[in-house]
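Take a look at the structure set out below.
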Amino acid sequence: MNDFVSDTDAAASATTAPMPDPACWHVGDVVLRSRFLLGSAGYPSPQVLHDAVVRSGAEVVTVALRRVMAAAGDNGHLALLDRALRVNGARVLPNTAGCRTAREAVQLAAMARELYGTPWIKLEVIGDNHSLQPDPFELLDAARQLVREGFTVFPYCTDDLVLCRRLLDAGCPVLMPWGAPIGSGQGLLNPFALRTLRERLPDATLIIDAGIGAPSHAAQAMELGFDAVLLNSAVAHARDPVRMASAFRHAIEAGRLGWQAGVMAAQDFAVASTPVGGEPMLLGARP
């Protein structure tokens, strides 16, 4: 596993750019161009995972450490994932999926840093087995401990504004609020709350994580002004994961362009797109 792309190797080309690119975004000193973060679980085969990661263009791919430990000896999966990361110039983002307490998450994060050679950690501390909703109290406790220990913490959280502020105050450089419960494919269940987060936390890096089921959901998240989208099941469980990875890549790019261009405000009444006034005119008619 020590053969995985290190932080230095993964970001070499991105961090040495001589001029800042307005299309890029940052996590600390790391510069990223792709706004699509992809999970690595549940694919039909290691080769499909490899091809989907490459097609997605993702520069960040999540790995659940507990799944890796459970599949000890399955180096074919890990070798192909490592190859895909190198093709994209990408880095691995270990996560603490399956943890129920802050103590458990902190211990797993320490193992992930040793195994993958990165201080990045996607922090998941689940409080409800049915909805897989994060436990806000254990999550915040774990985030504070990990930040003190030098981790770059990506907390998977709800869309609660107060919790998000506390996580930022704790030193998290990124917030990852859910769109809907993990793996549900329901899309953005509470656009109002997500829009509020974007408006009230204008300088925060916000990534929609969980619940995305279709490329249109990802485009909607980007049109709300979110910085990136992380998903797994919508690609891994598609009939054609490789083609779906490509679809999400284009949808995320389109949503970002829509946000930058300025999406028109919705109206409660009809507004004629062609103004009408003066004398009637027929094209080609002689005066």
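Please read these numbers as outputs of a predicted model, since none were measured by experiment.
Ile212 and Leu206 fall within the same hydrophobic cluster, defined by Ile, Leu, Val, Met, Phe, Trp and Tyr side-chain heavy atoms under 4.5 Å apart, directly or through other members. Hydrophobic clustering keeps Leu132 apart from Ile208 (ILVMFWY residues linked when any side-chain heavy atoms are closer than 4.5 Å, directly or through intermediates). Note: the hydrophobic cluster containing Phe137 does not contain Val147 (ILVMFWY, side chain heavy atoms under 4.5 Å, direct or indirect links). Under the 4.5 Å side-chain heavy-atom criterion for Ile, Leu, Val, Met, Phe, Trp and Tyr, Phe226 and Trp259 are members of distinct hydrophobic clusters. Put simply, Ile182 and Val235 are part of two different groups of oily side chains (I, L, V, M, F, W, Y) that touch within less than 4.5 Å, one to the next.
Between Leu49 atom CG and Arg83 atom CZ the span is 11.5 Å, to the nearest 0.5 Å. Between Glu199 atom CD and Thr196 atom OG1 the span is 6.0 Å, to the nearest 0.5 Å. Atom SG in Cys24 sits 8.0 Å away from atom CG in Leu32 (nearest 0.5 Å). In this structure, the separation between CG on Leu123 and OG1 on Thr152 is 12.5 Å, given to the nearest 0.5 Å.
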Run the side-chain contact (heavy atoms from CB on, under 4.5 Å) check on Leu38 and Thr62 step by step: do they pass? CA-CA 6 Å; Leu38 187 61; Thr62 65; over 6 Å; no
Using the rule given for side-chain contact (heavy atoms from CB on, under 4.5 Å), can you reason through Glu104 versus Val125, listing the C-alpha separation, both sets of side-chain angles and the distance that settles it, and then say yes or no? CA-CA 9 Å; Glu104 194 177 10; Val125 186; over 6 Å; no
Apply salt bridge (Lys or Arg N to Asp or Glu O under 4.0 Å) to the pair Glu253 and Arg249, showing each step before the final yes or no. CA-CA 6 Å; Glu253 292 172 355; Arg249 177 179 185 171; 3.7 Å; yes
May I have the step-by-step check of side-chain contact (heavy atoms from CB on, under 4.5 Å) for Glu149 and Val106, ending in yes or no? CA-CA 10 Å; Glu149 295 179 16; Val106 169; 4.1 Å; yes
Determine, step by step, whether Asp169 and Arg165 satisfy the salt bridge (Lys or Arg N to Asp or Glu O under 4.0 Å) criterion, reporting the C-alpha distance in whole Å, the side-chain angles of both residues, the deciding distance to 0.1 Å, and the verdict. CA-CA 6 Å; Asp169 291 342; Arg165 281 176 167 163; over 6 Å; no
Walk me through whether Leu201 and Leu175 qualify under side-chain contact (heavy atoms from CB on, under 4.5 Å). CA-CA 10 Å; Leu201 305 173; Leu175 297 176; 4.0 Å; yes
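Judged purely by atom type and a 3.5 angstrom limit, His217 uses its side chain to pair as donor or acceptor with the backbone of Gly213. A donor-acceptor pair is defined here as one N or O able to donate and one able to accept, closer than 3.5 Å; such a pair exists between the side chain of Ser45 and the backbone of Val48. With Asp135 contributing its side chain and Ile126 its backbone, the two residues share no donor-acceptor pair below 3.5 Å. Remark: side-chain polar atoms of Glu59 are paired, donor with acceptor, to backbone N or O of Arg33 under 3.5 angstrom. Side-chain N or O atoms of Glu138 include one that pairs as donor or acceptor with a backbone N or O of Ala102 at under 3.5 Å. Judged by distance alone, the side chain of Arg55 and the main-chain N or O of Ser246 form no donor-acceptor pair under 3.5 Å. Of the possible donor and acceptor atoms, none in the side chain of Ser184 sits under 3.5 Å from a partner among the backbone N and O of Ala180. Between the side chain of Trp178 and the main chain of Leu188, no donor-acceptor pair closer than 3.5 Å is present.
Counting only heavy atoms from C-beta outward, the side chains of Ile252 and Val229 approach each other to under 4.5 Å. With a 4.5 Å cut-off on side-chain heavy atoms, Thr158 and Pro136 do not count as touching. You'll find the side chain of Leu189 reaches within 4.5 Å of the side chain of Pro181, heavy atoms only. With a 4.5 Å cut-off on side-chain heavy atoms, Ile121 and Leu146 count as touching. Side-chain contact between Leu65 and Thr96: absent, with no pair of heavy atoms (C-beta onward) separated by less than 4.5 Å. Between Leu139 and Leu167 the shortest side-chain heavy-atom distance falls below 4.5 Å. Side-chain contact between Val63 and Pro94 is absent, with no heavy-atom pair separated by less than 4.5 Å. Between Leu140 and Arg144, some side-chain heavy-atom pair lies under the 4.5 Å cut-off.
Salt bridge status for Asp141 with Arg103: absent, with no side-chain N to carboxylate O gap under 4.0 Å. Salt bridge status for Asp227 with Arg198: present, with a side-chain N to carboxylate O gap under 4.0 Å.
Remark: Phe154 pairs with Trp120 by the ring-ring contact (aromatic ring centres under 6.0 Å, His included) rule, at least two apart or across chains.
A pairwise comparison of heavy atoms in Ala143 and Cys172 identifies CB-SG, 3.9 Å as the closest pair. Contact record, Ala234 with Leu231: CB-CD1, 4.2 Å, taken as the closest heavy-atom pair. What you find for Pro44 and Ala236 is that their closest heavy atoms are CD-O, 3.9 Å. Here the closest heavy-atom approach between residue Ala90 and residue Ala58 is recorded as CB-O, 3.5 Å. Counting all heavy atoms, side chain and backbone alike, Pro173 lies closest to Val27 at CG-CG1, 4.4 Å. The nearest pair of heavy atoms linking Met222 to Arg35 is CE-CD, 3.8 Å.
Between Phe36 and Phe248, the angle of the ring planes lies from 30° to 60°, which puts this pair in the tilted group.
The environment of CZ in Arg200 is sparse: at most 12 heavy-atom neighbours from other residues, nucleotides or ligands sit within 6.0 Å. For Arg113, the CZ atom counts as densely surrounded, since its 6.0 Å shell holds more than 12 non-hydrogen atoms of other residues, nucleotides or ligands.
A side chain to side chain contact (heavy atoms under 4.5 Å, CB included) with Lys122 is found for one member of Leu37, Ile207, Leu93, Val174 and no other, namely Leu93.
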